[in-house]
Amino acid sequence: MLFVTWNVNSLRARLPRVLELLGEHQPDVVALQETKCSAENLPIAELDEAGYAVVHHSAGQWAGVALLVRRPLEPEAPLLGLPGDPVPSEARWCEATVAGVRFVSTYVPNGRTLDNPEFPRKLAFLEAAAKRAAAIRLEAEMVIAGDLNIAPEDVDVHDPLAYVGSTHVSAPEREALAAITEGGQLVDAFRHLHPDEQQFTWWDYRAGNFHKNLGMRIDLALVSSGLAQGLLACGIDRDFRKGFKPSDHAPLLVWLGLG
DNA sequence: ATGACTTTCACGGAAAGA
């Protein structure tokens, strides 16, 4: 089974590239973030035409997450929103069960700066996510994936010194991420298969940062231990950060050994 | 040193991203 997670930075603006990804890789399950799309504007007909059912949690103009599921697979027991999220209106979490596995698409708050009120909101979201991961673990194998907005280690940023004092690399954020993986007994799929590689999933649109490879690895697929044993491959498709109207994130592809 | 770009809504420019 091929699973993909991708922050598309607007599903409507990115629809041609999303359809390109679906056609090229034919993934079974796709987690999308920053759909930035109201429920009435969801391009459900185009996605259906491509062979995918959609679970979408919308906050209108900002954020928004979705799961696409390729027929004949079907999403079961969808859950929209993270239980315990202090700001549930932002639509940063959705779940569905596919082929017996619980899939989560999440868009963790950015946090802006360490002294911004958004920063404790980010930590509170991560704390609720850890609780939810621990609860899912009692029920099913799972994949919690999305734009975690945390670089797990210094190797996951192009210049660790440049990020000292910034969000995405701070100790509280990294500890909160560790609490999610510990509570859910989860493994960072890319790092598990590539212990030493430096690869990024996000590059700022500005200043030619992509072409200089000045990026961060902040889009993660966290897989439960039962799935980690069967992982076949994991990679980042940088081609989707190139070309016509790219997102500022590249998709992360995970081949799960589910047959 | 700073900002650089792209999206939203809406029709100018602010907010948000990370």
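Within every chain, numbering begins at 1; the chains are lettered A, B, ... in the order of the sequence lines, protein sequences first and strands thereafter.
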Short side-chain N/O contact from A/Asn41 to OP1 or OP2 of B/dT8, under 4.0 Å
no
A/Trp62 has its side chain closest, among B/dT6, B/dA18, B/dA15, to B/dA15
Ring geometry between A/His249 and A/Trp202 (parallel below 30°, tilted from 30 to 60°, perpendicular above 60°) = tilted
Distance below 4.0 Å between A/Arg241 side-chain N/O and B/dT6 OP1 or OP2
no
When rounded to whole Å, the CG to P distance for the pair A/Leu148 and B/dA18 reads 12 Å
* Asked: If only side-chain N and O atoms of A/Arg112 are considered, is one of them under 4.0 Å from the OP1 or OP2 phosphate oxygen of B/dG17?
  -> yes
Query raised in the report: Salt-bridged, A/Asp48 to A/Arg71, with N to O below 4.0 Å?
Result: yes
* Asked: Charged N to carboxylate O under 4.0 angstrom, A/Arg121 versus A/Glu90?
  -> yes
When rounded to whole Å, the CZ to P distance for the pair A/Arg206 and B/dT7 reads 14 Å
Rounded to whole Å, the CD1-P distance (A/Ile218 to B/dA18) equals 6 Å
From the candidates B/dT8, B/dT6, B/dA18, the one with an atom nearest any side-chain atom of A/Tyr205 is B/dT6
A/Tyr163/A/His158 aromatic ring centres below 6.0 Å = yes
The residue, A/Asn9 or A/Arg92, whose nearest nucleotide of DNA chain B is more 5′ is A/Asn9
Taking the same atom, P, in B/dA18 and in B/dT7, what whole-Å distance lies between them? 14 Å
Looking only at side-chain N and O atoms, does A/Arg12 come under 4.0 Å of OP1 or OP2 in B/dT7? no
Rounded to whole Å, the CG-P distance (A/Asn7 to B/dT6) equals 16 Å
Of A/Asp188, A/Leu148, A/Val155, A/Val157, the one forming a side chain to side chain contact (heavy atoms under 4.5 Å, CB included) with A/Arg217 is A/Asp188
In whole Å, measure the gap between the P atoms of B/dT2 and B/dG13 for me. 26 Å
inquiry  = Using a strict threshold of under 4.0 Å (side-chain N to carboxylate O), is an ion pair present between A/Asp248 and A/Arg206?
reply    = no
Taking any heavy-atom pair under 4.0 Å as a contact, classify A/Ser10: base, sugar-phosphate, or nothing. sugar-phosphate
Taking the P atom in each of B/dA10 and B/dA1, what is the distance between them to the nearest angstrom? 40 Å
Separation of B/dT7 atom P from A/Phe244 atom CZ, nearest Å, is 9 Å
Q. For B/dG17, does either OP1 or OP2 sit under 4.0 Å from a side-chain N or O belonging to A/His249?
A. no
Here the distance between atom P of B/dT8 and atom CG of A/Asp248, to the nearest Å, is 13 Å
Of the candidates B/dT7, B/dC9, B/dA18, the side chain of A/Lys245 sits closest to B/dT7
query = Base, sugar-phosphate, or nothing: which does A/Phe210 touch, judged by heavy atoms less than 4.0 Å apart?
reply = nothing
Taking atom C1' in both B/dG12 and B/dT8, what distance in whole Å separates the two? 14 Å
Comparing nearest nucleotides in DNA chain B, the 5'-proximal residue of the pair A/Asn209, A/Glu118 is A/Asn209
Original post:
Which part of the nucleic acid does A/Asn149 contact within heavy-atom distance under 4.0 Å: base, sugar-phosphate only, or nothing?
Top reply: sugar-phosphate
Closest to the side chain of A/Gln61, out of B/dT7, B/dC9, B/dG17, is B/dC9
Exercise. Ignoring backbone atoms, test whether A/Tyr107 places a side-chain nitrogen or oxygen under 4.0 Å from the OP1 or OP2 oxygen of B/dA18.
Key: yes
(request) Mind checking A/Asp147 for me? I need base, sugar-phosphate or nothing, with any heavy atom below 4.0 Å counting as a touch. (result) sugar-phosphate
Classify the nucleic acid contact of A/Arg217 as base, sugar-phosphate or nothing, counting any heavy atom under 4.0 Å across all strands shown. nothing
From NZ of A/Lys36 across to C1' of B/dA18 the rounded distance in Å is 12 Å
Could you tell me whether A/Asn116 contacts a base, only the sugar-phosphate backbone, or nothing, with contacts defined as non-hydrogen atoms closer than 4.0 Å? nothing
To the nearest angstrom, the NE2-P distance between A/His168 and B/dA18 comes to 6 Å
Tightest non-hydrogen contact, residues A/Phe3 and A/Ala31, listed as CZ-CB, 3.8 Å
